[in-house]
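Counting starts at 1 for both ligands and their atoms, in listed order. In what follows, residues are counted from 1 in the order of the sequence shown. Model, not experiment: these values are computed from the prediction.
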Amino acid sequence: MGDSSEARRLVDAIIANLPEPAPGQRPVHTIGVGVDGYFMASDVARNYCIAEHFKGQRIRVSVRFSNGQGGPKQHDGWSDVRGMATRFHLQDGTAADLIATTLAEFFARNVEDFFEFTKVARPQPVQRESPWRKILDMLQLKEPARDPYPKQTTSDGAGILSYANQHRFAQLAVFEAGVIGAPVSYARAAYHAIHTFMVEDPHGVRRPVRFSWQPVAGVRTTDPTATPVDKYLRHELEERLRRWPARFMLMMTIGEAGDALDDPTKPWPARRVRVVMGTLTLTNLAKDQVADGERISFNPWRLVPGIEPSGDPILHARRCAYEVSREMRDGCPFRWS
Ligand code: HEM
């Protein structure tokens with residue numbers, strides 16, 4: 001499990017890449033919005049997992065949607081990974097977190113990869129590659145750089161592409177990130193918790209699983225050729241929720257023998273059993289955006305009996321890194337209970 005000095009180095013490595021410092025705020029996923037809602041487990045969920053929130057009663061949730069970029073500038077219309085961090089508030093006063101992004105795989109297998117990646121992922125002034133350069137890249141079986149979005153001024157694309165060209169394990173995530181675009185709404189993106197977790201059923205059987213949120217309204221991105229709007233996601237969500245709640249299905253994919261359990265860069269085969277574990281209903285933006293958006297501190301290790309972490313080294317490193325980041329920005333203290 002990651003220690004606090006390693007965690008500090010991880011957070012410092014992220015901060016070193018920020019185009020602009022954002023003191024007192026998250027070093028990544030800086031811009032976000034807190035939302036209130038509730039979760040109802042499906043009838044079958046309790047057969048697969050004994051955790052409190054899968055027993056069937058209505059569970060209050062707090063969600064924070066975010067843009068992946070670090071720094072105080074809000075660029076909703078840029079192509080970027082988005083985050084969805086969910087806290088299930090359980091009846092006995094404990095809580096469980098599920099942190100997910102629009103990437104289905106990660107670009108690093110372990111902490112060493114992550115450090116190497118952050119060194120090359122420094123944002124540079126954006127440069128449009130010439131058509132000849134693109135053809136040359138393709139002839140060399142390299143991924144050519146994508147054109148910047150209109151009005152986009154910086155990108156970490158060049159360093160990341162060369163990293164992916166040299167490290168096969170990073171290619172899937174880097175490719176996904178390259179074509180990810182901007183969602184028309186936070187409620188119209190699918191979010192993946194990426195890591196494997198172990199869940200326990202009422203008979204004591206433990207299964208490796210991966211969780212993801214599927215939007216009931218469907219996935220939709222903006223037109224990449226249109227001039228992007230800097231700020232629309234919070235307002236869109238507010239308007240949407242004023243008319244009707246937004247819903248997500250919690251899907252749980254069950255791993256089988258031979259599936260990668262400790263490597264977040266590796267997808268599982270498409271034909272795995274997927275169970276609908278429940279429905280999340282989002283009702284309104286949180287009234288107190290400071291407490292329930294900015295100061296709230298999520299952690300993928302805030303788990304409850306019935307769900308355990310796998311041995312994934314990235315998942316282990318995140319436990320302390322999020323705590324260090326929380327301390328640095330003075331978020332709400334981590335409570336294990
Ligand atoms: C070694 C790998 C990683 C490191 C060092 C890292 C680091 C961080 C840090 C420092 C924060 C800010 C935490 C805070 O101040 O509360 C953060 C936020 C976040 N990370 Fe990671 N992260 C890693 C991997 C991942 C992965 C694999 C995912 C995908 C599931 C992810 C999704 C998110 C999301 C969605 C947030 C925003 C959470 C919120 O709204 O509070 N991260 N990350």
*asked:* Under 4.0 Å, counting heavy atoms only: does H195 come that close to any atom of ligand 1?
replied: yes
*asked:* With a cutoff of 4.0 Å, is A100 in contact with ligand 1, counting heavy atoms of the residue only?
replied: yes
_Which residue in the set L282, V216, L280 passes side chain to side chain contact (heavy atoms under 4.5 Å, CB included) when paired with R247?_
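Of the listed residues L282, V216, L280, the side chain to side chain contact (heavy atoms under 4.5 Å, CB included) partner of R247 is V216.
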Is it the case that ligand 1 has an N or O less than 3.5 angstrom from some N or O of [X]?
{"X": "S66", "result": "no"}
{"X": "R26", "result": "yes"}
{"X": "R64", "result": "yes"}

Closest protein heavy atom to [atom], given as residue, atom name and distance to 0.1 Å:
{"atom": "atom 13 (C) of ligand 1", "value": "S325 OG, 3.6 Å"}
{"atom": "atom 36 (C) of ligand 1", "value": "H29 CD2, 3.3 Å"}
{"atom": "atom 9 (C) of ligand 1", "value": "V28 CG2, 3.8 Å"}
{"atom": "atom 30 (C) of ligand 1", "value": "I99 O, 3.4 Å"}
{"atom": "atom 29 (C) of ligand 1", "value": "T101 CG2, 3.5 Å"}
{"atom": "atom 31 (C) of ligand 1", "value": "R318 NH2, 3.2 Å"}
{"atom": "atom 4 (C) of ligand 1", "value": "F114 CZ, 4.0 Å"}
{"atom": "atom 16 (O) of ligand 1", "value": "R329 NH2, 2.7 Å"}

*Main-chain N/O of G34 paired to D292 side chain as donor or acceptor, under 3.5 Å*: no
_Partner of Y191 by ring-ring contact (aromatic ring centres under 6.0 Å, His included), out of W213, F65, F211_ = F65
*Thinking salt bridges, do E239 and R242 make one under a 4.0 Å N-O criterion?*
yes
Could you verify whether a donor N or O on one side chain and an acceptor N or O on the other, from [X] and [Y], lie under 3.5 Å apart?
{"X": "S310", "Y": "D312", "result": "no"}
{"X": "E236", "Y": "S185", "result": "yes"}
{"X": "D97", "Y": "N299", "result": "no"}
{"X": "R318", "Y": "H195", "result": "yes"}

*Can you tell which part of I194 has a heavy atom less than 4.0 Å from ligand 1: side chain, backbone, both or neither?*
side chain
*Under a 4.0 Å heavy-atom limit, does I296 contact ligand 1 with its side chain, its backbone, both, or neither?*
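It is neither; nothing of I296 touches ligand 1.
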_If you take the nearest heavy atom of each of A85, A321, P264, which one is closest to atom 38 (C) of ligand 1?_
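Shortest heavy-atom distance from atom 38 (C) of ligand 1: A85.
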_For F298, does the six-membered ring have the charged nitrogen or CZ of R87 within the cation-pi criterion, i.e. under 6.0 angstrom from the centroid and within 45° of the normal?_
yes
*Any N, O or S atom of Y322 closer than 2.8 Å to atom 21 (Fe) of ligand 1*: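 Here the distance criterion (N, O or S atom, under 2.8 Å) is met by Y322, so yes.
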*L90 and H53, any side-chain heavy atoms less than 4.5 Å apart*: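 Yes, close enough: below the 4.5 Å cut-off.
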*Please state whether the rings of F39 and F54 are parallel, tilted or perpendicular, taking 30° and 60° as the class boundaries.*
perpendicular
_G83 neighbourhood, listing ligand 1 atoms whose heavy-atom distance to it stays under 4.0 Å_ =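 Matching atoms, with element in brackets: 35 (C).
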